[in-house]
Colleague: 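This is the structure, below, for whatever I ask next.
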Amino acid sequence: MHLSNAAIADALEELGDLYELDGAIVHRVLAYRTAAKTVREASVSVSALAGEGRATELAGIGKTLQEKIQALAQTGSIPAAERLRAQFPPGLVEITRLPGLGPKRARLLHSELGIDSPQALREAALAQRLRGVRGLGPKFEASVLVALEEMEARPAGSHGARVLLPRAIEIGEVLASGLRELGGADTYVQLAGSARRQADSVKDIDLVAASTRPLELAESVARLEEIERVSSAGTAGAKARTHSGIGVDLRIAAPGQLGNLLQHFTGSGAHNATLREAAVRRGLHVSEYGILDDATQAVDECTSEREVYERLGLAYIEPELREDRGELQAAARPDGLPTLIELGDIRGDLHSHTIASDGHNTISEMAEAAREHGYEYLAITDHSASHGFGNDVSPEQLRRQIELVHEANAQIEGIELLAGSEVNVLPDGSLDYEDELLERLDWVVASVHTSFGMGEREMTARMIAAIEHPLVDAIGHPTGRLIGRREPYALDLDAVFAAAARTGTLLEINANPDRRDLSEINARAAVEAGVGLVIDSDAHRTATLANMRWGVATARRAWLTAADVANTRPLGELRK
DNA sequence: GCCGTTTTCGGCCCGACTGTTTTCAGTCG
């Protein structure tokens with residue numbers, strides 16, 4: 001039976017929730033949650049892996065969890081989950097999602113008052129029955145009602161809304177510069193958290209500041225025009241919310257402890273937990289205030305993050321790598337960490353659109369804009385014959401477009417234009433131009449734009465057919481995901497990577513911030529499988545050529561070096 | 001539940017905040 005990684009991850013998360021309600025120790029619950037995350041992010045089929053008894057190769061999955069995954073694959077359910085579900089109704093799990101309510105209180109309410117759903121909780125709170133339970137009082141009752149109201153005020157599905165990285169950085173930078181202005185000359189403010197790590201999306205905006213007048217700075221948050229309300233402000237920082245509903249968390253350190261706080265507040269949580277556990281084994285205790293040495297009882301304060309890592313015997317770790325994906329182990333070895341690719345390493349963009357299809361600028365406008373980015377080359381890759389939406393380019397139009405690209409290339413100095421196309425991969429794996437026409441192009445990107453719902457076997461065959469086509473240079477946005485909106489299509493990525501490595505077909509990291517496809521996890525797996533990558537903006541206008549930075553961010557999160565990415569090469573080398 | 005240059009058993013980061021309490025439990029990041 002086929003079982004997607006997402007389905008396994010959901011089942012493990014549910015089991016974690018149930019065990020938590022059942023009173024299991026936190027470490028056991030955490031084991032389920034980290035395993036769920038590992039499974040969700042795995043670039044291979046965990047179900048298949050478990051079938052071969054190899055799921056234990058994944059970090060955080062041992063014999064027990066592998067057996068549970070096997071049971072799920074074979075029978076469609078996990079016996080332990082069946083048993084616990086009978087004990088704890090789904091409404092109780094919902095209650096644990098309310099702020100201020102966790103498993104302990106949910107279980108208490110269930111056993112003491114028979115509360116088994118948010119509705120039942122509301123009724124009990126309104127009847128003032130919660131205050132009768134030991135440890136709960138009137139304030140708790142009131143906060144429960146507020147939490148319930150806020151849950152209902154949210155439109156369905158927007159639970160825990162996240163914003164895409166560009167928006168988070170934009171808001172974060174505006175807030176940071178506003179605070180610098182209000183704080184005066186000696187105020188230092190910078191973005192931390194998942195936005196600093198360049199994650200796909202961000203839940204709330206974390207800011208770190210250093211100031212000698214922390215209370216004043218925290219109170220100035222309320223004066224920022226983007227801020228709707230401030231829920232707390234003290235010498236340690238402030239918590240607030242923007243008018244657009246995004247949480248803002250500001251933490252303030254004394255300048256001498258800025259390195260400690262920045263390291264702490266950049267995270268990720270998993271990175272910090274692993275870092276601190278390793279430190280404890282060496283007799284050191286790391287917090288946002290410093291590093292305590294057991295032996296001397298002295299606390300080391302660090303002005304920079306570099307000092308924090310150095311004090312722990314580690315090489316500096318770039319924020320993009322701080323996800324507990326092996327970076328701490330690598331940082332302990334000499335030259336264990338890669339020299340990450342940078343935006344400045346990119347020499348050209350190999351996926352762009354013009355008014356010939358659904359773009360908004362002409363060939364020369366795109367060419368000039370690309371030259372301003374410092375690129376040596378730009379491929380014009382409009383959509384192909386079957387694209388539809390009124391944006392298709394007929395074979396005849398493509399012949400004309402090739403001439404136009406060549407003409408524009410002759411006219412413009414300082415950049416080389418490649419005549420290309422983003423060709424549709426049809427459901428049967430064939431392309432929608434004749435080979436004779438494709439041969440006339442300098443560069444061919446093949447992408448799937450239709451029939452996303454195909455089964456894994458068919459979709460994988462379709463993709464591999466495109467990869468094996470001798471005239472295809474690269475596959476555009478290989479999994480079709482839209483961050484937070486559309487799941488990747490069903491693909492056996494192991495097989496796809498093997499085909500790409502065998503044929504030398506490049507796979508794209510599409511830099512559109514809604515896509516970032518391949519994802520960091522998949523891009524890293526692709527390179528490990530011997531696949532060459534290319535990072536493209538997929539620009540549809542001159543301004544979005546700048547999207548390249550999001551693709552580079554994904555590449556950095558994938559541990560990639562410039563050597564892993566084809567368009568860091570000069571054109572002559574790329575052509576070979 | 002996982003995992004091992006202290007361990008195959010006994011550990012498994014660190015601190016802030018809240019609300020309820022007379023010293024702490026639960027929740028959160």
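Fair warning: this is a prediction, and the values are worked out from it, not measured in the lab. In the text below, chain A, chain B and the rest are named by the order of the sequence lines, each starting its count at 1.
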Colleague: Counting only side-chain nitrogens and oxygens, does A:H285 get under 4.0 Å of the OP1 or OP2 atom of B:dC14?
Modeller: yes

Colleague: Does A:L15 reach the side chain of A:K68, with side-chain heavy atoms less than 4.5 Å apart?
Modeller: yes

Colleague: If you assign each of A:K104 and A:L58 to its closest nucleotide in DNA chain B, which residue comes earlier from the 5' end?
Modeller: A:L58

Colleague: Between A:L292 (CG) and B:dG15 (P), how many Å, whole number?
Modeller: 8 Å

Colleague: Could you check whether atom CD of A:E228 has more than 12 heavy atoms from other residues, nucleotides or ligands sitting under 6.0 Å from it?
Modeller: yes

Colleague: Using 4.0 Å as the upper bound for N to carboxylate O, is an ion pair formed by A:R251 and A:D206?
Modeller: no

Colleague: Counting only side-chain N and O atoms of A:Y289, is one of them less than 4.0 Å from OP1 or OP2 of B:dC13?
Modeller: no

Colleague: Separation of A:R131 atom CZ from B:dT20 atom P, in whole Å?
Modeller: 9 Å

Colleague: Would you call A:E141 and A:R131 a salt bridge, taking side-chain N to carboxylate O under 4.0 Å as the test?
Modeller: yes

Colleague: Both distances below 3.5 Å, Watson-Crick or wobble geometry, any strand: find the nucleotide opposite B:dC2.
Modeller: B:dG11

Colleague: Between atom CZ in A:R107 and atom C1' in B:dT27, what is the gap in whole Å?
Modeller: 17 Å

Colleague: Any side-chain heavy-atom pair from A:E13 and A:Y32 closer than 4.5 angstrom?
Modeller: no

Colleague: Whole-Å distance between B:dT21 P and A:L136 CG?
Modeller: 9 Å

Colleague: Run the numbers on A:L321 and A:R325 for side chain to side chain contact (heavy atoms under 4.5 Å, CB included), then give the verdict.
Modeller: CA-CA 8 Å; A:L321 296 182; A:R325 292 176 184 153; over 6 Å; no

Colleague: Tell me: CZ of A:R282 to P of B:dG4, nearest whole Å?
Modeller: 18 Å

Colleague: Passes side chain to side chain contact (heavy atoms under 4.5 Å, CB included), A:L121 versus A:L130? Steps please.
Modeller: CA-CA 9 Å; A:L121 179 61; A:L130 303 187; 4.2 Å; yes

Colleague: Using a cut-off of strictly less than 4.0 Å, decide whether A:S287 has a side-chain nitrogen or oxygen near OP1 or OP2 of B:dC13.
Modeller: no

Colleague: In whole Å, what is the span from the CZ atom of A:R322 to the C1' atom of B:dC13?
Modeller: 16 Å

Colleague: In whole angstrom, what separates A:Q66's CD from B:dC3's P?
Modeller: 12 Å

Colleague: Flag the pair A:D22 and A:R28 as a salt bridge only when some basic side-chain nitrogen lies within less than 4.0 angstrom of an acidic carboxylate oxygen.
Modeller: no

Colleague: When all nucleic acid strands are considered with a 4.0 Å heavy-atom cut-off, which category describes A:L98: base, sugar-phosphate, or nothing?
Modeller: sugar-phosphate

Colleague: The side chain of A:K139 lies closest to which of these nucleotides: B:dG29, B:dC2, B:dT20?
Modeller: B:dT20

Colleague: If you take any heavy atom closer than 4.0 Å to DNA chain B, which residues from residues 258-280 of chain A end up in contact?
Modeller: A:A273, A:R276, A:E277, A:V280

Colleague: Return whichever of A:K68 or A:R105 has its heavy-atom-nearest nucleotide of DNA chain B closer to the 5' end.
Modeller: A:K68

Colleague: When you measure from every atom of DNA chain B, which of residues 18-31 of chain A have a heavy atom less than 4.0 Å away?
Modeller: A:Y19, A:I25, A:H27, A:R28, A:A31

Colleague: Could you tell me how far apart A:I95 (CD1) and B:dT27 (P) are, to the nearest whole angstrom?
Modeller: 12 Å

Colleague: Do the charged groups of A:R33 and A:D17 touch, with an N to O distance under 4.0 Å?
Modeller: yes

Colleague: How long is the gap from CG on A:L18 to CD on A:E82, to the nearest 0.5 Å?
Modeller: 11.0 Å

